[in-house]
Amino acid sequence: MLESKILRQNMDLVRRKMAERGQPVDLDRFTELDAGRRDILQEVETLRNERNTVSKNIGEKKKRGEAASELMSRMGEVSARIKELDESLKKTEENLNAFLLTIPNIPHESVACGAGADDNPVIRHWGEKPSFSFPPRPHWELGEALDILDFSRGAKIAGARFTLYRGMGALLERALINFMLDLHTTHHGYTEILPPFLVNRESMTATGQLPKFAEDLFKIEGQDYFLIPTAEVPVTNIHRDEILEEKALPRYYAAYSACFRAEAGSYGKDTRGLIRQHQFNKVELVKFTRPETSYEELEKLTADAEEILKRLNIPFRTVSLCTGDLGFSAAKTYDIEAWLPGQDAYREISSCSNFESFQARRASIRYRRADNGKMDFVHTLNGSGLAVGRTLVAVLENCQQADGSIIIPEALRPYTKGIDRITATR
RNA sequence: GGAGAGAUGGCUGAGUGGCCGAAAGCGAUCGCCUGCUAAGCGAUUGUACGCCCCAACAGGUGUACCGCGGGUUCAAAUCCCGCUCUCUCCGCCA
């Protein structure tokens, strides 16, 4: 969220940046609401001041046994007027706030201008694409042939976009989760978190999923609980309404969670395989940093996520999202895209973002600066480290053999009871 | 699910209608003092929003905030109602 004061002072910048995002904002409406609010505020505060002084007066008179009924009835009127003004103030602030909550973050100056995904500059490539002496197969064929992924049972039990993992498939997924968590906690300095998978409305609003993207979320009927679309939500909310010590920054958290997404509006997209599921597993990295270091921290966080693919020896490329492709809350985002030979394409496997103070304002996450003793908002960052289901896809497709078996990357074998190969069991 | 207790500043904790943005203690910061350490003494110590002032830093001033939302009253941390959360006991339960 952008604050009124900041918006008021940077109208032109905001107007220009929102246009670059392709999401023009009606700033006249803001000006109107903001000015209206301040008008009412001044009037009501003047009246309150009067009431406070006169009330004190009344108290003193009464103590001396003097009559004060005239003052009391006049203050009755003032109070009634205050009540009226309070109501219209509240209404105006609600409108203003609702409006502010729908304005996306301002893209960082290093973000390229562009209309959509095709305009995202590629930052780097890593790894050699594997060459095959046979046409590489997509993971859904491999998984079904090996009897480790059961799409039709998943659909029977729950519906489309749900998958049942079986045997080595389930083990491989679990191995990936543990491998990722271990790497981030022992080598990259993250503290492991296991968060609630259901959260309340305040948490969803703090990180930016609400109010604008309610249709992407699963909600518990009749209760104010939402299924998390990413561990970013509960983990960022760890410090909601808190004041952190500057010396306790930066803070790094790594969390495994299941993630739930309604995927409204993606009908017919990625209908086969594990790529787009209503429920999937993810290890999420979240950082709370001082404003001065957040872009440095974004580079490190992205490298931490890339390290997983490097150790699994999966080729990838990293792109920087352009203004037109940038998410609502992010100021800058790197997407890491793994090479999937079965689909002859790079597919997103991680998205690493700096939100600057956007989420911290919504969530009121602050720290006291050591230099001047003032409060300031922290910067929040997060990134997948990594999307587990998609990583499993990448392993299957990159490590497939001519006979349809899968050679398990060495880095995972400590987590697969030493098993080095998945072969058909029937 | 049933019964009860509670929620006050960074922390502990007092405060049952006006003199309370809130005692006291702890902590923290700054200064003094003691040869060092410990102790001691003094001062300071919330946030948000608005207005004024300023190039800016700062400053002045007003309002709000004692879990959240409403009500009573000239006046609410204090009285009333609803909600949320925490704790204790009973029941149930992985």
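Chain letters run A, B, ... following the sequence lines, proteins first and then strands; every chain starts at 1.
Separation of the C1' atoms belonging to G70(B) and U84(B) is 15 Å when rounded to the nearest angstrom. Comparing the same atom, P, in G69(B) and in C30(B) gives a spacing of 37 Å after rounding to whole Å. Nucleotides C33(B) and G42(B), compared at atom C1', are 11 Å apart to the nearest Å. With both ends at atom P, the span from C65(B) to A75(B) equals 13 Å, rounded to whole Å. Spacing of C1' atoms, A77(B) relative to G17(B), comes out at 11 Å, to the nearest Å. With C1' as the reference atom, A23(B) and G67(B) are 22 Å apart, rounded to whole Å. Taking atom C1' on both U12(B) and C66(B), the two are 16 Å apart, rounded to the nearest angstrom. C80(B) and G91(B): their C1' atoms are spaced 33 Å apart (whole Å).
Pairing for U45(B) goes to G27(B), judged as Watson-Crick or G-U wobble with the two contacts each under 3.5 Å. Pairing of C68(B), defined by two Watson-Crick or G-U wobble distances under 3.5 Å, is identified with G82(B). Judged by Watson-Crick or G-U wobble contacts below 3.5 Å, the nucleotide C93(B) has no partner. Across the strands present, C20(B) finds no partner; the criterion is a Watson-Crick or G-U wobble pair with both atom distances under 3.5 angstrom. When both pairing distances are held under 3.5 Å, U61(B) makes a Watson-Crick or G-U pair with G50(B). U88(B) is paired with A3(B) under the criterion used here, namely a Watson-Crick or G-U wobble arrangement in which both key atom distances are under 3.5 Å. Base-pair partner of G35(B): not found among the strands shown (Watson-Crick or G-U wobble, both distances under 3.5 Å). Nucleotide A76(B): unpaired (no Watson-Crick or G-U wobble partner with both distances less than 3.5 Å).
In this entry the distance linking CG of Asp241(A) with C1' of A7(B) reads 16 Å, nearest Å. In this structure, the CD atom of Glu245(A) is 12 Å from the C1' atom of G27(B), given to the nearest Å. Rounded to a whole Å, the CD1 atom of Ile40(A) is 19 Å from the P atom of U63(B). The CD1 atom of Ile82(A) sits 11 Å away from the P atom of U63(B) (whole-angstrom rounding). Counting to the nearest Å, the C1' atom of U73(B) and the NZ atom of Lys83(A) are 11 Å from each other. What separates CZ of Arg48(A) from P of A75(B) is a distance of 12 Å, to the nearest Å. Arg74(A) places its CZ atom 19 Å from the P atom of U73(B), with the value rounded to the nearest Å. For the pair Phe377(A) CZ and U47(B) P, the interatomic distance rounds to 13 Å; values are reported in whole Å.
Ion pairing of Glu410(A) with Arg311(A) is absent here, as no side-chain N (NZ or NE/NH1/NH2) approaches a carboxylate O to less than 4.0 Å. Between Glu3(A) and Lys5(A) there is no salt bridge, since no side-chain N of the basic residue sits under 4.0 Å from a carboxylate O of the acidic one. Under a 4.0 Å N-O distance rule, the pair Glu87(A)/Lys83(A) does not qualify as a salt bridge. The pair Asp86(A)-Lys90(A) does not meet the salt-bridge criterion, since no charged nitrogen lies less than 4.0 angstrom from a carboxylate oxygen. Contact check on Arg161(A) versus Glu263(A) returns no salt bridge, with no Lys/Arg side-chain nitrogen under 4.0 Å from an Asp/Glu carboxylate oxygen.
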Report all interatomic pairs (protein N or O, nucleotide N or O of nucleotides 81-86 of chain B) with separations under 3.5 Å.
none

Tabulate atom names and distances for all N/O pairs under 3.5 angstrom spanning the protein and nucleotides 50-54 of chain B.
| from | atom 1 | to | atom 2 | distance (Å) |
| --- | --- | --- | --- | --- |
| G50(B) | OP1 | Arg8(A) | NH2 | 2.9 |
| C51(B) | OP1 | Arg38(A) | NH1 | 3.1 |

What N/O pairs connect the protein and nucleotides 17-19 of chain B at under 3.5 Å? Give each pair on its own line.
| from | atom 1 | to | atom 2 | distance (Å) |
| --- | --- | --- | --- | --- |
| G18(B) | N2 | Ser55(A) | O | 2.7 |

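Within the model, atoms CD1 of Ile148(A) and CG of Leu164(A) stand 11.5 Å from one another, a figure rounded to the nearest 0.5 Å. Taken to the nearest 0.5 Å, the OH atom of Tyr334(A) stands 12.5 Å off from the OG atom of Ser350(A).
The side-chain heavy atoms of Glu232(A) and Gln209(A), taken from C-beta on, include a pair separated by under 4.5 Å. Between His184(A) and Ile308(A) the shortest side-chain heavy-atom distance falls below 4.5 Å. Counting heavy atoms from C-beta on, the side chains of Val283(A) and Leu386(A) never come closer than 4.5 Å. Within the 4.5 Å cutoff, the side chain of Thr318(A) has no heavy atoms near those of the Glu337(A) side chain.
Each of Met72(A) and Arg368(A) has a nearest nucleotide on RNA chain B; the 5'-most of these lies closest to Arg368(A).
Listed by chain and residue number, nothing satisfies the ring-ring contact (aromatic ring centres under 6.0 Å, His included) test with Tyr225(A) (two or more places apart in sequence, or in another chain).
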Name the atoms and distances for all side-chain donor-acceptor pairs under 3.5 Å in residues 96-104 of chain A, with sequence neighbours left out.
| from | atom 1 | to | atom 2 | distance (Å) |
| --- | --- | --- | --- | --- |
| Thr102(A) | OG1 | Phe99(A) | O | 2.7 |

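In this structure, Asn52(A) reaches the U63(B) phosphate: one of its side-chain N or O atoms is under 4.0 Å from OP1 or OP2. Between Asn49(A) and G62(B) there is no side-chain N or O to OP1 or OP2 distance below 4.0 Å. Residue Arg51(A) places at least one side-chain N or O under 4.0 Å from the OP1 or OP2 atom of A75(B). Phosphate proximity of A75(B) to Ser79(A): present, with a side-chain N or O under 4.0 Å from OP1 or OP2.
Within residues 88-99 of chain A, the residues approaching RNA chain B are Lys90(A), by heavy-atom distance under 4.0 Å.
Tested against Asp376(A), the residues Arg368(A), Arg290(A), Arg369(A) include a single salt bridge (charged side-chain N to carboxylate O under 4.0 Å, His left out) partner, Arg369(A).
Side-chain contact, Ser110(A) with Lys332(A): a donor N or O sits under 3.5 Å from an acceptor N or O. The closest side-chain donor-acceptor pair between Tyr190(A) and Glu284(A), if any, does not fall under 3.5 angstrom.
The aromatic ring centroids of Phe218(A) and His278(A) lie less than 6.0 Å from each other.
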